[in-house]
J.: 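Starting off with a structure, shown below.
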Amino acid sequence: MKRVVERLLTPALLIAVACAAVAGAPQRAAVRAEDLLVSRAEIGRPGGQLVINQHAEPKTLNPVTAVDSVSGEVIKNTIADLIHVNRETQRAEPALAKAWTMSSDGRRYTVTLRQGLRFSDGDPFDADDVVFSFRVHLDEKAHSGQRDLLTIGGQPIAVRKIDQHTVQFDLAEPRAGAERLFDGVAILPRHLLERFHTEGRLADAWGLSTPAAQMAGLGPFRFKEYVPGERLVLERNPYYWKADRSGTRLPYLDRLVFMPVTSDDAQTMRFQSGEADIASKMTAASFDVLAKAGQAAPYKLVDLGAGLDYSFLFFNLNDLGSSKLPDTARKQGWFRQVAFRQAISLAIDREAIVRLVYRGHATPLWGHVPPGNKVWINRSIPQPARSLDRARQLLRAARFSSKPDGTLVDQRGDLVEFSIVTNAGNSERVQMATIIQDDLRQLGINVHVVTLELRALVDRLLKTHDYEACVLGLGNADGNPNTEMNVWLSSGATHLWSPEQSRPATPWEAEIDTLMRRQLTTLDPTARKRLYDKVQELVAQNLPFIFLVSPNVLVGADKGLGNFRPAVLDPHTLWNVEELFWRQKRSSGTP
Amino acid sequence: MRYLSRRLAHGFLVLAGVSVLSFVFVALAPGEFLNEMRLDPRISPEMVAALRDRYGLDQPLPLKYLHWLQSVVRGELGFSFAYDRPVAALLWPRARNTLLLTVPATLAAWLIAVPIGAWSASQRGRWPDRVCAGTTTALLTVPELLLALGLLVVAVRTGYFPIGGMRSAAFAELREWAKVKDLAVHLFLPASALILVNLPVLIRHVRSSLIDVLAAPFIQGAHARGVPPRRLLFRDALRAASNPLISLLGLSIAGLLSTSLVVEAVMSWPGLGPLLLEAIAARDLHLVIGAVMCSTLFLLAGNLVADALLYLSDPRVRADQV
């Protein structure tokens, strides 16, 4: 048995009645001792509100059914999980679970819950809520976004209550880093949602028009008010289960105000003028405009370096068979040659992409794990510099040749030309495709750039396979290989270059399949890292994706905001929202 | 009355036609609501299939339309996939906000356009008329998007106006008069953008209709008999020119509505614009149709008002009906 000792709960701090009084929670004659988690961040001052801009409106407050990122951004502040991935250290930490143990075969997790905790409506929290929450997340009919992650070896995780404060989880097969699965799995209030779940109406619960009194969570904030199209307000949860070192209950802020602001420009201007206090996921252009104000600006800008997103070019390697796309099928003769893909990769000027598209705020990539992923990156992946000569050599060896006017032809004398599709709404991707077009022209390859609206593009990529090459991006949500299984397994639905293969099309895809499945069940972290290192090598050698860059994470906040410690992992700026506080606030904007 | 009922029946037909057309267009557009989810490696194809089933995305088009009609009868106007809610509940608050922006903007645009247009007509060929023509031409060439962004830049530089939105974050805590002031301050920039975009068209129309009338013999005659020019212009000539101008009112509402979609999106005004824009990108079928229907309804209502005014002001229209 491996005992995971809680690191955050320093000298036995079971702050009870005193703490409840400080935070203004209703005092009861005999308040049970609360296992509060003590934050080690700087001690702050209570009060104030934080205004946050979003690109669209939240759609729901239901943590089970929410699938869009905008709703997710709001909901994350209202929920808590048993074990949480610290966005700064990228490691799993105790949250609602005070501690947990894993059995030696890696299949059983026993979780001890914090005692005396309450939901944001004052109702007590215990093991029944945990069992109920997992029942909901695992229910096929509830359409929980978490269900697939909690299904292991084809079997849903079995959850059993041992006593009021202990829950046992049984996995069908050992799963490496299984504690990370608990991250983001919201613990739901059984007293409010069980009725909805039994009646099969869970999707109807907790919409934006639900009265605040009918919602509750364990997160630092709770729902207060929603004005359609204008704002969504969360208020401080007086029962939150974290305190600072002086015994003040967190969070410090009274309110979070989310406002939908569709355009990037308007968002930038609102941040600049102090009408929004925090800016996440800024574009490089906005970042540079705001940076012009220099040190005198009332806000602070941070370039966190490469994030977990990566962009890439890939070719259509689907088995088109006797399809209606004879032209694409003919070009696949080139696309399938590793040498061809390597030559393309060598011809692409990644530095130019960093400089021109991202104004320096990006990192060139040669593998799928960006440097922002500190734990998993394989630093021995070669990073060949751009070389048109070597690209030409590779092409010549693959029996391509140049005509006198410089255009490239294959061995049958056909001109080498293809189109790159990308999504019209993403100007960075369009610019990258255009730079690639220019780079490849120097090899004598004629490239057309075609932009399509994202949803139409997905139809082509995954359904009709009617495309030749594509520039796209993916992001790894928590930096862990397990969330990318569907990208690298040849049977995966997001194995973009040739999804849902009945059996691996190439030997290297078969090898990646084996490695990915093995790392899933390998419990020793070093052995697991070795397996994933090998996957990264295979991908970099065979280039199903030709990696381009990883955009840097660009954020900003008002200078008066204390404990602002943005992280590369999402949510970049609000991951420690309970610790944020106002030192002082600039006068313009909202009071 | 017969005139009115005929206009109403006509409006109803237009609505039905718009609903069928927008249904077909949205349904035929490549891609569907769940496609973005397909790109998320954490979501399995089984889950996407289950959701397709739930939203009825696999049904044939006529059946989808029938289901939508049923929900229209129930007063729900369909069901938004993204919001997991009936469309009607999403539309009304936003439609109200759009009206809050466009109605004052329409009134203001007319109140400004009529005197300027009339004055410009009376000064025909002289320098005030030329300045006016130059300014309106310049305004006509500026795209509405640029105009809205330009006004936002002014707001940032001066700090006099909020950068978009309809109310401050602290609106609920304000007193009554402060609430009105807050709303007015927020309204100013988007309304200005709308007015500036539509003003040149209105001024030019007012001017040209008045020029026609001013050249008419009865005005010349009145002028010769010594009727004061200002009274002549604003009382007699304007009344005579009202017929084409009232017809223009209906058209101007259409122009304002389409401009307001852009302005709302840029200025974060919580109206139909941002909602429709996002719904189209997300292929949220019923929400797109709902928002389009809502805009069509405004347009028809505007035209109906114009028709009614025309009916009241012009005896010839009434005579046609008898």
J.: So, A/Trp488 versus A/Phe545, ring centres under 6.0 angstrom or not?
T.: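 Ring centroids of A/Trp488 and A/Phe545 are less than 6.0 Å from each other.
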
J.: Parallel, tilted or perpendicular: which one describes the rings of B/Tyr55 and B/Phe79, with boundaries at 30° and 60°?
T.: tilted

J.: Please flag which part of A/Asp265 lies under 4.5 Å from any non-hydrogen atom of chain B: side chain, backbone, both or neither.
T.: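 Contact with chain B involves the side chain of A/Asp265 alone.
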
J.: Can you tell which part of B/Val153 gets under 4.5 Å to a heavy atom of chain A, answering side chain, backbone, both or neither?
T.: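 Answer is both: backbone and side chain atoms of B/Val153 are under 4.5 Å from chain A.
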
J.: For B/Asp40, is it the side chain, the backbone, both, or neither that has a heavy atom closer than 4.5 Å to a heavy atom of chain A?
T.: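 For B/Asp40, backbone heavy atoms alone lie under 4.5 Å from chain A.
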
J.: Where do B/Tyr65 and B/Ser19 come nearest, in terms of heavy atoms and distance?
T.: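 Looks like OH-OG, 2.7 Å.
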
J.: Which atoms of B/Arg85 are under 4.5 Å from chain A, going by heavy atoms: the side chain, the backbone, both sets, or neither?
T.: side chain

J.: For B/Glu278, is it the side chain, the backbone, both, or neither that has a heavy atom closer than 4.5 Å to a heavy atom of chain A?
T.: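 For B/Glu278, the contact with chain A is made by the side chain alone.
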
J.: In terms of heavy-atom pairs under 4.5 Å with chain A, which of B/Leu39, B/Leu34, B/Leu90 leads?
T.: B/Leu39

J.: Any Lys/Arg nitrogen of B/Arg283 or A/Glu453 sitting under 4.0 Å from an Asp/Glu carboxylate oxygen of the other?
T.: yes

J.: Which answer fits A/Glu57, side chain, backbone, both or neither, if we ask what part of it has an atom under 4.5 Å from a heavy atom of chain B?
T.: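 Both backbone and side chain.
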
J.: Whether the B/Asn35 and B/Arg38 side chains hold a donor-acceptor pair (N or O, under 3.5 Å, no angle test) is what I'd like checked.
T.: yes

J.: At a heavy-atom distance under 4.5 Å, which candidate from A/Leu496, A/Val458, A/Val487 has the highest pair count against chain B?
T.: A/Val458

J.: Heavy-atom distances under 4.5 Å only: say whether A/Ser144 touches chain B with side chain, backbone, both or neither.
T.: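 Looking at A/Ser144, just its backbone touches chain B.
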
J.: Does some side-chain heavy atom of A/Leu232 sit less than 4.5 Å from a side-chain heavy atom of A/Leu208?
T.: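 Yes, side chains in contact.
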
J.: Tell me, side chain or backbone of A/Leu452 under 4.5 Å from chain B's heavy atoms, or both, or neither?
T.: neither

J.: Specify which of A/Arg147, A/Lys463, A/Met485, A/Glu484 makes the most heavy-atom pairs with chain B at under 4.5 Å.
T.: A/Lys463

J.: Could you check whether any side-chain heavy atom of B/Met293 comes within less than 4.5 Å of a side-chain heavy atom of B/Leu77, counting everything from C-beta outward?
T.: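 No. Closest side-chain heavy atoms not under 4.5 Å.
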
J.: Between A/Glu230, A/Lys59, A/Arg455, which residue shows the highest count of heavy-atom pairs closer than 4.5 Å to chain B?
T.: A/Arg455

J.: With a 4.5 angstrom heavy-atom cut-off, is it the side chain or the backbone of A/Leu457 that approaches chain B, or both, or neither?
T.: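 When you check distances to chain B, no heavy atom of A/Leu457 falls under 4.5 Å.
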
J.: Is the closest side-chain heavy-atom distance between B/Leu51 and B/Phe33 below 4.5 Å?
T.: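 Counting from C-beta outward, B/Leu51 and B/Phe33 never come under 4.5 Å.
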
J.: Heavy-atom cut-off 4.5 Å, strictly under: side chain, backbone, both or neither for B/Ala282 against chain A?
T.: both

J.: Any chance the rings of B/Phe25 and B/Phe23 have centres within less than 6.0 Å?
T.: no

J.: Go through the atoms of A/Pro228 and report whether side chain, backbone, both or neither lie under 4.5 Å from a heavy atom of chain B.
T.: both

J.: Check each atom of A/Pro58 against the heavy atoms of chain B and say whether the ones under 4.5 Å are side chain, backbone, both or neither.
T.: backbone

J.: Check whether any side-chain heavy atom of A/Pro544 lies under 4.5 Å from a side-chain heavy atom of A/Phe312, and answer yes or no.
T.: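 Not in contact.
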
J.: What part of A/Thr483 is in contact with chain B, defined as an atom under 4.5 angstrom from a non-hydrogen atom: side chain, backbone, both or neither?
T.: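 Both parts, heavy atoms under 4.5 Å.
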
J.: Would you say the side chains of A/Arg429 and A/Asn423 form a donor-acceptor pair under 3.5 Å?
T.: yes

